[in-house]
Amino acid sequence: MFKTHSCGALRLDHVGTTVTLAGWVHLRRDFGGVIFVVMRDREGLVQVVISAEVSAEAHKVASEVRSEYVIQVEGTIRARPTDQVNPDWPTGEIEVAASTVRILNTAKTPPFYIYEDAQVDEALRLRYRYLDLRRTRMQRNIILRHKTVQFIRHYLDAQGFLEIETPQLFKSTPEGARDYLVPSRVHPGLFYALPQSPQQLKQLLMVGGYERYYQIARCFRDEDLRGDRQPEFTQLDLEMSFVHRDDILDLMEAMFVALVPAVTPQKRILSPFPRLSYVEALERYGTDKPDLRFGLELVDLTAALGKSEFRVFSGTVANEGRIKGLRVPGCAGYSRREIDEITEVAKHAGAKGLVTLAYTVDGIKGPTVKFLSEQDLEAIAETTGAEEGDLVCIVADSFVVVSAALSALRLIFRDRLNLVDPDLIAMGWVLDFPMFEWNETEERWDAAHHPFTLPRPSTYEAMLADPTAVLSDAYDLVCNGYEIASGSIRVHDPKIQLDIFRILGYEEADIQARFGHMMEAFSYGAPPHGGIAPGIDRLVMLLADATSIRDVIAFPKTTQATDLMADAPAEVSERQLRELHIKLLGTDT
RNA sequence: GGGGGCGUGGUGUAGUGGUUAACAUGCCGGCCUGUCAAGCCGGAGAUCGCGGGUUCAAGUCCCGUCGCUCCCGCCA
């Protein structure tokens with residue numbers, strides 16, 4: 001080994017110890033006769049002192065080192081004088097008195113600062129990702145990710161789960177997300193698909209009798225990217241046999257309640273997790289992934305304002321729309337410009353406009369006040385509970401638009417009014433999703449979760465007659481406004497499975513071609529089973545106080561799905577294409 | 001596929017159509033034996049992402065394009 005100790009691990013206990021360190025030059029402060037080199041390794045930073053009096057040779061080498069040189073230092077640990085202790089560093093009470101300094105490798109001047117978490121253009125960070133990864137924040141995030149995954153492995157092992165790998169080369173299932181395809185060399189014209197998730201395989205493991213399975217699984221979806229979506233991402237994929245919904249919910253809840261303090265002691269996780277129905281989540285928060293760290297819930301004004309003289313209100317209700325509002329404390333003083341900004345947010349979400357009422361000392365102010373009767377104003381005040389100093393925002397539109405607009409506004413006010421404690425982790429379950437959704441453009445039913453989801457037994461009878469009446473035994477786990485896990489109890493009865501496929505409009509031949517192996521497997525004694533799949537990237541992102549999963553993935557892709565470091569995707573040779581029986585059509589198709 | 005934001009020495013930024021494009025930091029050289037992102041002195045470093053247009057004059061205005069990013073669509 002090049003080193004006896006880690007730089008960042010040295011403490012007062014080590015005083016008097018002779019050590020050999022190896023790491024990077026983080027900073028250098030040259031005083032002529034004495035040189036301070038701050039050395040960095042994975043564990044952290046330590047100050048090395050090189051004095052010309054102690055070793056002329058070491059001093060000469062130290063005067064030549066530059067930022068990010070890789071060096072090896074031999075020396076003795078000594079306590080710093082009390083007036084020179086650096087209280088900001090874990091190693092601040094000691095320093096290394098160097099007797100030897102060796103340059104293991106030189107380094108070009110890096111294109112951005114390694115030694116601080118200054119704002120750097122993300123494209124540059126991605127192009128030199130190996131340098132970005134040296135930075136404290138990235139190292140902390142990647143280590144946190146490791147700890148999170150290790151915790152999960154130990155926890156599930158203790159619960160009797162088996163970690164089982166499933167293939168990356170599998171079969172395309174055209175519904176759902178777009179697949180990444182892999183051409184077969186051996187079978188001209190045929191393709192594998194990279195799994196969007198190991199969904200079918202984990203169910204088949206249940207049929208295979210493994211009862212409790214999990215996997216830290218890489219998943220692939222060829223869809224457009226976001227800060228919380230990458231084309232390849234990692235799920236804790238999990239499946240259990242002989243369980244009901246609550247068994248899975250309880251297990252996950254216990255796991256997360258134990259995980260959060262174990263890997264992020266400064267975070268506080270609320271428990272028990274609230275359970276909301278899908279409809280309740282939409283009514284109260286306007287979204288099926290609410291941020292439960294704060295209140296500011298939506299208020300329904302449909303009944304109160306349905307008979308208003310104000311046509312926008314009465315007309316909306318007449319057209320089966322809804323009127324809902326937000327009561328925002330302390331924002332009565334919003335300027336014209338601020339009102340314009342939040343109106344823009346509502347419009348961006350699809351609303352035609354935003355009614356704002358400011359409850360000031362001089363009464364209720366707002367551009368629409370003149371259209372509202374005393375009765376209307378009273379009804380609004382009573383329903384929302386608005387008091388002096390408050391701003392009430394009202395949207396009248398279809399339920400979908402009202403929900404989207406007010407949900408967006410709720411998050412805007414969250415940030416503007418600093419309504420959340422950044423160290424709070426607020427998870428919650430969203431339950432009772434609809435089983436099917438009507439696809440307007442294709443004019444058919446889609447599975448809201450996926451076609452293997454079990455309908456809630458109480459609603460199954462009505463399924464064939466009225467698909468909208470069917471609720472599914474699916475569940476989402478939300479955390480701080482993100483969907484962080486999704487799962488369901490599965491169908492294990494081939495008859496029910498066939499009914500579902502029929503509602504989805506699959507032809508018999510289709511079912512055989514796409515899911516024949518599943519249907520056949522289910523006919524050989526499939527146990528009742530269900531599972532869930534938490535997204536590791538999003539979970540770690542929230543634990544790391546990051547705003548993008550790119551910051552918790554070692555080598556992420558840009559929003560154009562490219563790798564700026566390796567320059568992927570890239571062209572391949574004619575020969576490679578020929579072997580794969582692929583002919584390119586050109587870029588203008 | 002649609003909409004918004006950003007792009008100026010290595011890095012981060014300032015820059016009102018008008019002088020030699022400014023500041024900080026980093027880099028290079030010099031001085032310096034106790035600093036904490038050391039300090040002081042000196043130096044190099046930019047065809048203002050790219051292309052076109054308007055203008056006597058463009059970093060600045062207009063159009064296009066490329067890259068990064070945020071949002072909608074999409075993500076069973």
Side-chain angles (χ1 to χ4, degrees), chain A residues 26-38 45-54 59 63 66-68 78 80-81 83-89 91-92 95 97 108-128 131 173-179 196-197 199-200 219-231 233 344-345 347-350 404 408 411-412 433 435-437 439 441-442 444-453 472 474 483 486 488 500-501 504 506 514-515 533 535 547-548 550 556-562 564:
Chain A
H26 195 63
L27 289 169
R28 189 181 66 114
R29 292 186 284 273
D30 189 343
F31 284 78
V34 63
I35 298 171
F36 297 95
V37 168
V38 176
L45 307 172
V46 72
Q47 172 165 286
V48 178
V49 187
I50 304 103
S51 167
E53 278 174 8
V54 174
H59 182 266
S63 68
R66 293 294 181 270
S67 289
E68 300 306 312
R78 70 181 180 212
R80 296 198 200 182
D83 61 329
Q84 285 176 19
V85 164
N86 185 339
D88 298 331
W89 288 15
T91 62
E95 63 188 10
K108 293 204 283 187
T109 303
F112 52 83
Y113 307 113
I114 308 298
Y115 63 79
E116 62 179 22
D117 283 323
Q119 191 67 29
V120 179
D121 180 58
E122 192 162 2
L124 196 68
R125 290 174 55 202
L126 291 174
R127 181 157 157 229
Y128 297 95
L131 296 181
T173 49
E175 52 283 317
R178 210 173 281 118
D179 283 317
Q196 297 173 24
S197 81
Q199 183 60 40
Q200 295 185 23
C219 306
F220 303 86
R221 294 178 189 175
D222 187 5
E223 296 293 346
D224 287 347
L225 287 79
R226 288 279 197 287
D228 62 347
R229 281 166 25 190
Q230 285 271 310
F233 62 100
E344 223 19 69
V345 170
K347 282 184 174 171
H348 199 251
L411 298 183
I412 292 290
F433 284 83
M435 180 82 192
F436 301 102
E437 282 169 352
N439 184 327
T441 48
E442 310 271 332
R444 60 174 164 80
W445 294 101
D446 281 344
H449 186 61
H450 59 61
F452 308 109
T453 304
S472 71
E483 177 194 316
S486 189
S488 65
I500 292 169
F501 283 146
L504 294 172
Y506 296 173
R514 292 188 203 171
F515 304 113
T547 52
S548 160
R550 292 187 298 273
K557 292 180 178 57
T558 68
T559 48
Q560 297 304 308
T562 62
L564 295 178

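All values below were derived from every heavy atom in this structure, side-chain atoms included, with hydrogens, water molecules and symmetry-related copies excluded.
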Worksheet entry | Closest-nucleotide 5' rank along RNA chain B - winner of A:Val120 and A:Asn86 | A:Val120
Item to complete: Take atom NE2 of A:His59 and atom C1' of B:G34, then tell me their distance rounded to the nearest Å.
Response: 13 Å
Item to complete: Could you tell me the separation between the CD1 atom of A:Ile114 and the P atom of B:G12, rounded to a whole number of Å?
Response: 13 Å
Worksheet item: What distance, rounded to whole Å, do you find between the two P atoms, one in B:C40 and one in B:A57?
Response: 45 Å
Discussion item. Applying the 5.5 Å / 30° rule, does A:Phe112 stack onto the base of B:U11?
Written reply: no
Worksheet item: If you look at every strand shown and take non-hydrogen atoms under 4.0 Å, does A:Ala349 touch a base, only sugar-phosphate, or nothing?
Response: nothing
Item to complete: Can you tell me, in whole Å, how much space there is between the C1' of B:G10 and that of B:A46?
Response: 11 Å
Worksheet item: Hey, are A:Arg226 and A:Asp224 close enough for a salt bridge, meaning a charged N less than 4.0 Å from a carboxylate O?
Response: no
Item to complete: With sequence neighbours left out, write down each residue that passes side-chain contact (heavy atoms from CB on, under 4.5 Å) with A:His59, or none if nothing qualifies.
Response: A:Ile35, A:Ile50, A:Ala52
Practice prompt. Mind telling me whether A:Tyr115 and A:His26 have parallel, tilted or perpendicular rings, with 30° and 60° as the class edges?
Written response: perpendicular
Worksheet item: If pairing requires Watson-Crick or G-U wobble contacts with both distances under 3.5 Å, which nucleotide is the partner of B:C23?
Response: B:G12
Worksheet item: Are the side chains of A:Ser67 and A:Leu27 in touch, meaning some heavy atoms are under 4.5 Å apart?
Response: no
Worksheet item: Sequence neighbours excluded, which residues qualify as side-chain contact (heavy atoms from CB on, under 4.5 Å) partners of A:Phe31?
Response: A:Arg29, A:Val34, A:Phe36
Discussion item. Counting only Watson-Crick pairs (N1-N3 plus N6-O4 or O6-N4) and G-U wobbles (N1-O2, O6-N3), all under 3.5 Å, who is the partner of B:C61?
Written reply: B:G53
Fill in: Same-atom distance (P) from B:U19 to B:U25, integer angstrom
26 Å
Discussion item. Once you apply a heavy-atom cut-off of 4.0 Å, does A:Gln200 come out as touching a base, just sugar-phosphate, or nothing?
Written reply: nothing
Practice prompt. Sticking with atom P, work out how far B:U60 lies from B:G9, rounded to a whole angstrom.
Written response: 14 Å
Item to complete: Could you please name the option among B:A37, B:G34, B:U35 that lies closest to any side-chain atom of A:Arg78?
Response: B:G34
Worksheet item: Is any side-chain heavy atom of A:Phe452 closer than 4.5 Å to a side-chain heavy atom of A:Gln200?
Response: yes
Discussion item. I'd like the P distance from B:A58 over to B:C70, given in whole Å.
Written reply: 36 Å
Response to the item:
Atom CG of A:Leu124 and atom P of B:U8 are separated, to the nearest Å, by 11 Å
Worksheet item: With A:Ser488, which residues qualify under side-chain contact (heavy atoms from CB on, under 4.5 Å), at least two apart?
Response: A:His449, A:His450, A:Thr453, A:Ala474, A:Arg490
Item to complete: Can you tell me the distance, in whole Å, between the CG atom of A:Asp88 and the C1' atom of B:U35?
Response: 14 Å
Discussion item. I want to check something: taking the side chain as every heavy atom from C-beta on, are A:Asp228 and A:Glu483 in contact at a cut-off of under 4.5 Å?
Written reply: no
Discussion item. For a quick check of understanding: with a heavy-atom distance under 4.0 Å over all strands, which category does A:Pro451 fall into, base, sugar-phosphate or nothing?
Written reply: base
Worksheet item: Between A:Glu223 and A:Arg229, is the closest basic N to carboxylate O distance under 4.0 Å?
Response: no
Item to complete: Please give the nucleotide sitting opposite B:G42 as a Watson-Crick or G-U wobble pair, both distances under 3.5 Å, or none.
Response: B:C28
Worksheet item: Does some side-chain heavy atom of A:Glu68 sit less than 4.5 Å from a side-chain heavy atom of A:Leu131?
Response: no
Worksheet item: What interatomic distance, in whole Å, is found between P of B:A37 and the corresponding atom of B:G30?
Response: 25 Å
Practice prompt. Could you state the atom-to-atom distance from CG of A:Leu27 to P of B:G39 in whole Å?
Written response: 11 Å
Response to the item:
Output for pair (A:Tyr506 OH, A:Phe501 CZ), nearest 0.5 Å, gives 6.5 Å
Discussion item. Aromatic contact between A:Phe233 and A:Phe220, with the criterion being ring centroids under 6.0 Å apart: yes or no?
Written reply: no
Worksheet entry | Span that lies between the P atom of B:C23 and that of B:A44, in whole angstrom | 14 Å
Discussion item. By nearest heavy atom, map A:Val85 and A:Phe452 onto RNA chain B; which one lands nearer the 5' end?
Written reply: A:Val85
Worksheet, complete the sentence: pair_partner(B:C68), Watson-Crick or wobble, both distances < 3.5 Å, evaluates to B:G5
Discussion item. Could you check whether the side chain of A:Gln84 and the base of B:G34 have a donor-acceptor pair of N or O atoms closer than 3.5 Å, going by distance alone?
Written reply: yes
At a cut-off of 3.5 Å, list every protein nitrogen or oxygen paired with a nitrogen or oxygen from nucleotides 65-68 of chain B, distance to 0.1 Å.
| from | atom 1 | to | atom 2 | distance (Å) |
| --- | --- | --- | --- | --- |
| B:C68 | OP1 | A:Thr558 | OG1 | 3.2 |
| B:C68 | OP1 | A:Thr562 | OG1 | 3.2 |

Discussion item. Please report the distance separating the C1' of B:C41 from the corresponding atom of B:U47, rounded so that it comes out in whole Å.
Written reply: 31 Å
Worksheet item: How close or far is atom C1' of B:A37 from atom CD of A:Gln47, stated in whole angstroms?
Response: 13 Å
Item to complete: Mind listing the closest non-hydrogen atom pair of A:Glu122 and A:Arg550 along with its distance?
Response: OE2-NE, 2.6 Å
Worksheet entry | A:Arg127 and A:Pro111, any side-chain heavy atoms less than 4.5 Å apart | no
Response to the item:
With B for base contact, S for sugar-phosphate-only contact and - for none (protein heavy atoms under 4.0 Å), nucleotides 26-33 of chain B reads SSSS--BB
Extract from the structure each pairing of a protein N or O with an N or O of nucleotides 71-74 of chain B at less than 3.5 Å, listing the distance.
| from | atom 1 | to | atom 2 | distance (Å) |
| --- | --- | --- | --- | --- |
| B:C71 | O2' | A:His348 | ND1 | 3.4 |
| B:C72 | OP2 | A:Arg226 | NE | 3.4 |
| B:G73 | N7 | A:Arg226 | NH2 | 3.1 |
| B:G73 | O6 | A:Arg226 | NH1 | 3.0 |
| B:G73 | N1 | A:Asp224 | OD2 | 2.6 |
| B:G73 | N2 | A:Asp224 | OD2 | 3.0 |
| B:C74 | O2' | A:Glu223 | OE1 | 2.5 |
| B:C74 | O2 | A:Arg229 | NH2 | 3.0 |
| B:C74 | N3 | A:Arg229 | NH1 | 3.1 |
| B:C74 | N3 | A:Arg229 | NH2 | 2.8 |
| B:C74 | N4 | A:Arg226 | NH2 | 3.4 |
| B:C74 | N4 | A:Arg229 | NH1 | 3.2 |

Worksheet item: Rounded to the Å, how far apart are A:Ile50 CD1 and B:A38 P?
Response: 14 Å
Worksheet, complete the sentence: Rounded to whole Å, CG of A:Leu131 lies from P of B:U11 at a distance of 13 Å
